[in-house]
Colleague: 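Quick one: structure below, then a few questions.
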Amino acid sequence: MPTWNFPISPVAASRPRVSKFGHAYYTGPYKLFRQDMMQVKDSILGPDHEALPLTSLLEVTIDCFVKRPKTTKLLLPKADVDNYAKSILDQFNDVLWTDDRQIQTLHVSKNWTENNEQEGYFVLSIEELNAND
């Protein structure tokens with residue numbers, strides 16, 4: 001099962017804004033996350049991903065580690081785990097898989113980073129499934 005560690009703090013997907021001309025666009029932290037991902041994903045994936053995108057059914061695991069704020073009473077990051085997953089999965093359409101609808105099983109976790117000084121990151125793992133699984 002290939003596994004990659006992305007040194008980018010995961011951000012929950014936000015809804016796109018729509019201009020008066022009908023053009024959809026993103027703002028804020030999610031926009032910056034998408035820009036950062038465009039810059040680093042090829043270097044993190046390395047030459048192994050040139051044989052991709054995969055077309056089979058997939059099992060994907062995403063472990064999100066978010067930097068803890070200096071003060072918080074929360075046990076976990078506030079954003080919904082499914083929004084973290086969506087922001088990450090969308091970045092790999094036509095890169096690791098043809099479309100994220102191929103994902104049959106998805107495991108997602110969210111946690112604070114172990115060290116309060118450590119920047120956020122996420123770990124992505126993929127396993128191809130047989131049609132009989």
Colleague: In Å and rounded to the nearest 0.5 Å, what is the CG to OG distance from Leu129 to Ser56?
Modeller: 7.0 Å
Colleague: Can you name the nearest heavy-atom pair linking Ile103 to Thr105, along with the distance?
Modeller: CG2-O, 3.3 Å
Colleague: Report yes or no: do Tyr121 and Ile126 belong to one cluster of Ile/Leu/Val/Met/Phe/Trp/Tyr joined by side chain heavy-atom distances under 4.5 Å?
Modeller: no
Colleague: Listing request: all side chain to side chain donor-acceptor pair (under 3.5 Å) pairs with a residue in residues 58-71, at least two apart in sequence or in separate chains.
Modeller: Glu59-His107, Asp63-Ser109, Lys67-Glu119
Colleague: If you measure from CD on Gln104 to CG on Leu58, what distance do you get to the nearest 0.5 Å?
Modeller: 9.5 Å
Colleague: What are the two closest heavy atoms between Ser9 and Phe33, and how far apart are they?
Modeller: O-CD1, 3.5 Å
Colleague: What residues form a side-chain contact (heavy atoms from CB on, under 4.5 Å) with Leu74, not counting sequence neighbours?
Modeller: Thr72, Lys78, Trp112
Colleague: Could you check Ile62, Leu76, Val66 and say which one makes a side chain to side chain contact (heavy atoms under 4.5 Å, CB included) with Lys110?
Modeller: Leu76
Colleague: Just so I know, are the side chains of Leu45 and Trp4 near enough to count as touching, which here means a heavy-atom distance under 4.5 Å?
Modeller: yes
Colleague: If two hydrophobic side chains count as joined below 4.5 Å and joins carry through other members, does Leu106 share a cluster with Leu124?
Modeller: yes
Colleague: Can you measure from CG (Leu54) to CD (Glu127) and round to the nearest 0.5 angstrom?
Modeller: 11.5 Å
Colleague: Would you list the pairs meeting side chain to side chain donor-acceptor pair (under 3.5 Å) in which at least one residue belongs to residues 28-37, sequence neighbours left out?
Modeller: none
Colleague: Indicate every side-chain donor-acceptor pair of residues 79-97 with a distance under 3.5 Å to a residue at least two apart or in another chain.
Modeller:
| residue | atom | partner | partner atom | Å |
| --- | --- | --- | --- | --- |
| Lys86 | NZ | Asp90 | OD2 | 2.9 |
| Ser87 | OG | Val11 | O | 2.6 |
| Ser87 | OG | Tyr84 | O | 2.8 |
| Asn93 | OD1 | Trp97 | NE1 | 3.0 |
| Asn93 | OD1 | Asp100 | N | 2.8 |

Colleague: Does Met37 belong to the same Ile/Leu/Val/Met/Phe/Trp/Tyr cluster as Ile44, with side-chain heavy atoms less than 4.5 Å apart forming each link?
Modeller: yes
Colleague: Can you name the side-chain hydrogen bond (donor to acceptor under 3.5 Å, both in side chains) partners of Thr113, sequence neighbours left out?
Modeller: none
Colleague: Which ILVMFWY residues are connected to Leu32, directly or by a chain of links, through side-chain heavy atoms under 4.5 Å apart?
Modeller: none
Colleague: Of all the heavy-atom pairs spanning Thr3 and Ser125, show the shortest one and how long it is.
Modeller: OG1-OG, 2.9 Å
